[in-house]
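Data first, discussion second: the structure below is written as structure tokens.
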Number of protein chains: 8
Amino acid sequence: MTVDEALLHLKYKPFEDLGYAKVDTHRRIRQGAPEVIYGAGKTPEQIEGIVSSMRQNGTKHILITRLSPEGAEALSGMEGFEYFEDAKAAVVGGFPEPDGMGDILVVTGGTSDIPVAKEAAITARVHGSNVVTLYDVGVSGLHRLLSNMELIMSASVIVAVAGMEGALASVVGGLADCPVVAVPTSVGYGASFGGVSALLSMLNSCASGVAVMNIDNGFGAGYYANMINHMGVRK
Amino acid sequence: MTVDEALLHLKYKPFEDLGYAKVDTHRRIRQGAPEVIYGAGKTPEQIEGIVSSMRQNGTKHILITRLSPEGAEALSGMEGFEYFEDAKAAVVGGFPEPDGMGDILVVTGGTSDIPVAKEAAITARVHGSNVVTLYDVGVSGLHRLLSNMELIMSASVIVAVAGMEGALASVVGGLADCPVVAVPTSVGYGASFGGVSALLSMLNSCASGVAVMNIDNGFGAGYYANMINHMGVRK
Amino acid sequence: MTVDEALLHLKYKPFEDLGYAKVDTHRRIRQGAPEVIYGAGKTPEQIEGIVSSMRQNGTKHILITRLSPEGAEALSGMEGFEYFEDAKAAVVGGFPEPDGMGDILVVTGGTSDIPVAKEAAITARVHGSNVVTLYDVGVSGLHRLLSNMELIMSASVIVAVAGMEGALASVVGGLADCPVVAVPTSVGYGASFGGVSALLSMLNSCASGVAVMNIDNGFGAGYYANMINHMGVRK
Amino acid sequence: MTVDEALLHLKYKPFEDLGYAKVDTHRRIRQGAPEVIYGAGKTPEQIEGIVSSMRQNGTKHILITRLSPEGAEALSGMEGFEYFEDAKAAVVGGFPEPDGMGDILVVTGGTSDIPVAKEAAITARVHGSNVVTLYDVGVSGLHRLLSNMELIMSASVIVAVAGMEGALASVVGGLADCPVVAVPTSVGYGASFGGVSALLSMLNSCASGVAVMNIDNGFGAGYYANMINHMGVRK
Amino acid sequence: MTVDEALLHLKYKPFEDLGYAKVDTHRRIRQGAPEVIYGAGKTPEQIEGIVSSMRQNGTKHILITRLSPEGAEALSGMEGFEYFEDAKAAVVGGFPEPDGMGDILVVTGGTSDIPVAKEAAITARVHGSNVVTLYDVGVSGLHRLLSNMELIMSASVIVAVAGMEGALASVVGGLADCPVVAVPTSVGYGASFGGVSALLSMLNSCASGVAVMNIDNGFGAGYYANMINHMGVRK
Amino acid sequence: MTVDEALLHLKYKPFEDLGYAKVDTHRRIRQGAPEVIYGAGKTPEQIEGIVSSMRQNGTKHILITRLSPEGAEALSGMEGFEYFEDAKAAVVGGFPEPDGMGDILVVTGGTSDIPVAKEAAITARVHGSNVVTLYDVGVSGLHRLLSNMELIMSASVIVAVAGMEGALASVVGGLADCPVVAVPTSVGYGASFGGVSALLSMLNSCASGVAVMNIDNGFGAGYYANMINHMGVRK
Amino acid sequence: MTVDEALLHLKYKPFEDLGYAKVDTHRRIRQGAPEVIYGAGKTPEQIEGIVSSMRQNGTKHILITRLSPEGAEALSGMEGFEYFEDAKAAVVGGFPEPDGMGDILVVTGGTSDIPVAKEAAITARVHGSNVVTLYDVGVSGLHRLLSNMELIMSASVIVAVAGMEGALASVVGGLADCPVVAVPTSVGYGASFGGVSALLSMLNSCASGVAVMNIDNGFGAGYYANMINHMGVRK
Amino acid sequence: MTVDEALLHLKYKPFEDLGYAKVDTHRRIRQGAPEVIYGAGKTPEQIEGIVSSMRQNGTKHILITRLSPEGAEALSGMEGFEYFEDAKAAVVGGFPEPDGMGDILVVTGGTSDIPVAKEAAITARVHGSNVVTLYDVGVSGLHRLLSNMELIMSASVIVAVAGMEGALASVVGGLADCPVVAVPTSVGYGASFGGVSALLSMLNSCASGVAVMNIDNGFGAGYYANMINHMGVRK
């Protein structure tokens, strides 16, 4: 593609204008590639409209994030709809066969971080990655993490999810050889300031090989980890 | 490697105790792999001691970051020493042949962001990536960015470096298909708060596929981008 | 008017003291010019009292902002009352004929920014401007914005409404030749800190020709854009 | 211009690539229109290079902002160069004849705010506006402001520059009928937090018709006020 | 009283230990002087217990602050109990005859600041001051304030209550000759940050003669203004 | 224990994997030593499961913190279960005989700080310390504190719990000879910012011998004070 | 004076326009009353000009605050000039005879707070108050404060100056019967954040009768304390 | 000692008033116990005066903290004076024989944290504790920490000193059985915000048994650790 074509492509890149939203493909335009709907603030009718539009354009797997249980209830009749309450996410059309380079390992510091971790895991799976999870391995009890060294050493990418002091990202970053995607969570109280403490910890990580997402952004981490996991596999 | 071996390896992993520092290999233990010295707060004598120790252990390429011009002056007699003043970085032993999947593109919003960009570029190069740079393409003049669409579309990973409002990461993230590593810089004045404005922008990016580094952390971005660029090439 | 007259005018400028409020005209005292009631924290009875007082003074068009659906319900019997639920605003007496220099373009980054945009649009319309809207054109999908270049190039003033990283203001400011009024919104989560991220982005915009309003202040933006749109038309 | 033309124009819009900077015209491409160089962080040689390039392209009036006295000294031999030390700004090629709708009034709260005010005034003048100034009229001595009511009532646009508590913008906004561009300054100590106090005051102004610039951004305010002052005059 | 007596007095100063509270007299121990109960977080039974204890010790006038309507309902049977819903305050035993030097003037910027103003007014009254109020005279409409210059010039102390940008304190401080007690309120939205904007404005007031209370601390302001109003009258 | 044994111990240290949690012993592995369950975000079934698992491992005293009244209701049938509503804590299996060096004194600034103080007291008691409490002795009425000098002088460790300005820690730290564990609370309003004011006060204490816990972290303070109180008694 | 006269007075209130400053009398216009020059950012020539202008208008005592030693050196030849280096303040024309109600007591927490205390003391003295000082009586050694109870009990107003945790204001507020003016200082390190910790402590003081000034604002405190000390004496 | 005696003791507790400072004993009044002088902001003459006064009162060991090299130079002639440049601390009269329960272990995350660690170590030693140090064992290279498990397991108290993300405190807290005193340092850049990131991490530590000091407060940590180390040994 020449530059002129790229530019004109930018203008004529297809999107469907539904009035309240311009449904487009932020990503590669391939038949059947997964698409994502940010469910927060959309009515079930709007979501259903967007799903229809996507399916007509050949999308096979659709991820809906930040979907409330009430919204999921209303959409539960849709063909191929599956809701994951913990993660507040739904998938329409199931998960594709994993075709990434290796496994994505999703680890959490505590039990309360699991919903964010599950959002990351589902996002990565719907985009074609195999995901392994390891929950409640915070750094105050290192033996829980060290007992699982083989998972850490064999992962292709690691998503580290932690609230409170967020030290998990640094410890995992120091143990692993692969890229770590760190997600601070709003878990904690007092001086955790809704995730700011964990966010700052992760940004200041003394371990190289750690990049950071917004607080509670499990989707972003799963999406990013999946991109890395497909380097050299798809382009 | 079994888990028990991994654990014992953790304990017996070689590091040299120089008193003021424990020189170890945070990364893969391969003959000749690059090592990094954080130069800030170390005397030229200390740095020289660490370089010697590394070379005896077979390290061929050594990166020294945050090295002042005075420090560089004092070290300039070392064999194979080269200083990059803009980036406040030095390399001992030159750069290896690039062996990554593709090119890393480093873009900046303005002229003042160039030092951070150069730190990222040198870091990536010393670890084995080819780097292409594109400076001063901030979003207030989109035509400068759009004129270079082919660089964006052909990159393997993009490092986006910007201060002030940091919007570059979102725009590049929306245009590109590859992972973007965003680095906020402390460039700006007033309500930029030393890089906080750009940092928040990048964390809140509406584009998927953007992960964030600490303010002015060019090294971290170059290191991370290089890791991604070697996925599927080395393990 | 001499200065002495201006001063005495300041003192004798008419306002009606209703006890809980001093209803005055912050703006030009012209027969029929629109007036604004800040509805938050006022009872329907109080609002009705103020509207009556205004009408007796010859005001033809009255805007009520931050009015809850319950408040609107209670006031729905008033003659000429129309409620816009999205914008949480009501107009009494309809909209005047537009008499500005050109069109005001109101753009939003996402769907969730629409309520703030609508508050801006209604405010501008009730003060005599024609308004064109363009929603969900955030910078992560530039083609949605570039497809609408003619709206941007032909606007008299642009109101840019965005949450999250607020980059829309900079991009629009770089594309347009006219003044841009930027409104950060509290849309987002985590490190968006209730609109602080977007606010800082807009204040630090690298594009010239961008001025900023308080977070979620659609009214202020519509009012300001309308003032600009009437420069050289009215005084 | 059609949309396709606009898009291609975006790509082919002329800019000169000087390596360290991409000199382009952020604004309307008219022969002789003023151009601006942000002087901070540029060497005198770089500035001279950019000035040469601009002049060859027919620019008659060039503004250099944030220029240190040392930089000005080094550039003082350039033809038509004039330095304004207070404002840390220089103009090459003098000021054009004012052709705006009316006068821009620049007011300051105190004496220490004058440098920012002067940057605003010079910026507006070099773009073709007549500027009137009124210094040290902070709200703690209202009589100083009220003695100058005729300036306030007759201005086309007002730039209000204030540090500390920044209340000047609200008071002027309440007195005036025209748009007010508010610039917080970093003047103050203790809990003024480098201009944050004034910035927040201005964003929360209870007066309608006030828009806000970044802390100490005199240039932005002058530029924006000039845009408004030319509405209906040029397009 | 000698120092030794003062010290022993500190130890033996009477307080009644009710288990959940140590009811003491923070202030002068005079028969009949008013006492204050901070109602938040106390049950009606606890409050009733404290009131009984105070009355037995000869207290004639008792102020209860931060008392919810439900709490007031439960206490409404107490002899001499009067509840002021706006101010969320109750008085038991009525108000004493004013015996201060002059009048305390309580002014507010807007209608929403009235509850805090009323808490200040009731506090000052129960301690023996006459109070005059002037509401909704924010600086965006100076004529409302200037029309009441005689109140400002004749006050003994002024309590200035304002949210949003809090400029009222500076303007009143500049107009008046007497001490001003400034109370920021949490009224506002967006960048008012729950009263922080007004607080910073007041701390940075360019007017001399302004001291500041905590956000929404009407009680503190009324108490402090009353102290000043009794200087030279009581000791 | 040799280092190798310690390392392997780290790996093989027993924990029971219940899926949603890895129940382990963060602390000394002694038969009958108390264990702690952080109740927030766990269902009664999960808590009951963990309690069962602990008891089977020989734990005699179990503390459950941050347990809601509803949760306590559901668990009330468990043998040996006792709920302390103020402290939102439950103990299963009662308290052991105190075997510390001396008494832990828990003091609070006000009545509203009592719940945090009680969490500290219960935590210390279940781990084997005797606890003495002294409530509502804030520094604005020093006589309340000075009347209790013998408690202060005879304590082994003091836990100082205070919100608002948190000055209690400094005053107690200056009076006492023993270590003080300071706990800021979120009690207050306005510029107390949810406990930040008290937290900063305590961190900046001019008294030596004061260490600080997270806001509202009564558990942490009780645990830490108990550790100190057992120095030289147990190891 | 009638209101109309007051208003016109506001306009015609004399001030001398020196170009860079509008020298006016913020305060009562009495022959000989003290005037204040804020020295920061003014050249010795400008200060000398203002002093001359004031003297011609009959001002007997002039205070210059925030005056550097260099500035003082340059002004040292002026008749009646005296410089107080600690306080960075100068007085021209000496101090008047004290004519207040009683003594103002200025207390500090530590030695480093003395400069701010001295600025307060000099300000109060030049306006006609007698001042007593008590330094280094921070709350970590209560005996230093309690040994001076008679000073506290006999003061007319107390100025409490403290950095770090700022608890002095609360303790003094609890001991004294008179109004306390609290001044946080920027003394401290780490989490004192340049005076923010002390500022928050003082705003959240649990003692009634404490009002707060900006960080390091000794002038404001001395001015305010003097106003209170003259209640009932002058009007 | 009875309470009355304690109170009177508080008043008559000896302190020497040197004018600029009130030299007192914050701590136990024992012949020969160490005393501390906070050197910052004191002249060498003042320090020498305080040392003299202390020695006459029988103090054998004196610690001077925050002493600049220039100050040390000026004091170097004093008998028994020893300066530790790294720690910016001096000791007069040498160190006493250790008489604590066990060893205090001081660990640091990096090399740049060593000065704060040394301040802690010297403080603990001068008060009678034996100190063991372990530097540069940050969590990004766990093997450095795990290789020293016997030091961690055998310590009486641990002082954990770390900047950047401050995760060291949590990891050490999880490994150790003894109390941990955590000291955040201002080491780092960008989003470390001068130690705030490490401070928040430590306050939010998921490990029990961690208490926190102010940023860079090595003295406080050494003092506190020493208090704990003498529990049960001295009272």
Side-chain angles (χ1 to χ4, degrees), chain B residues 108-113 136-146 149 152-153 160-177 180 182 184-212 215, chain C residues 108-113 136-146 149 152-153 160-177 180 182 184-212 215:
Chain B
T108 75
T111 306
S112 311
D113 303 315
D136 196 21
V137 291
V139 301
S140 69
L142 269 187
H143 55 292
R144 298 177 300 184
L145 196 61
L146 296 181
M149 281 291 283
I152 292 168
M153 299 311 287
V161 181
M164 299 173 78
E165 94 277 61
L168 184 65
S170 291
V171 171
V172 168
L175 290 172
D177 280 346
V180 174
T185 71
S186 53
V187 168
Y189 61 90
S192 76
F193 299 132
V196 169
S197 169
L199 171 62
L200 295 183
S201 278
M202 289 169 173
L203 286 169
N204 286 287
S205 176
C206 53
S208 302
V210 177
V212 186
I215 297 165
Chain C
T108 75
T111 305
S112 310
D113 303 313
D136 197 19
V137 291
V139 302
S140 69
L142 270 186
H143 54 293
R144 298 176 300 183
L145 196 61
L146 296 180
M149 279 292 282
I152 291 168
M153 299 310 289
V161 181
M164 300 173 78
E165 93 277 62
L168 184 65
S170 290
V171 171
V172 167
L175 290 173
D177 281 345
V180 174
T185 71
S186 53
V187 168
Y189 62 90
S192 75
F193 298 131
V196 169
S197 170
L199 172 62
L200 294 183
S201 278
M202 288 171 174
L203 286 168
N204 286 288
S205 175
C206 51
S208 302
V210 177
V212 186
I215 298 164

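First the proteins, then the strands, lettered A, B, ... as listed; each starts at 1.
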Would you mind telling me which of Leu168(B), Val171(B), Leu203(B) has the largest number of heavy-atom pairs within less than 4.5 Å of chain C?
-> Val171(B)
Sort out for me which of Ala191(B), Gly138(B), Ala167(B) touches chain C most, counting heavy-atom pairs under 4.5 Å.
-> Ala191(B)
Which portion of Phe193(B) sits near chain C, non-hydrogen atoms under 4.5 angstrom | side chain
Heavy-atom closest contact (Ser186(B) atom, Gly194(B) atom, distance) = CB-O, 3.5 Å
Ser201(C) meets the side chain to side chain contact (heavy atoms under 4.5 Å, CB included) criterion, sequence neighbours left out, with Glu165(B), Ser201(B)
What residues, two or more places apart in sequence or in another chain, satisfy side chain to side chain contact (heavy atoms under 4.5 Å, CB included) together with Val210(B)?
-> Ala169(B), Val180(B), Ala182(B), Ser205(B), Ala207(B)
Ignoring hydrogens and angles, tell me if any N or O in the side chain of Asn204(B) forms a donor-acceptor pair with the backbone of Ser192(C) under 3.5 Å.
-> yes
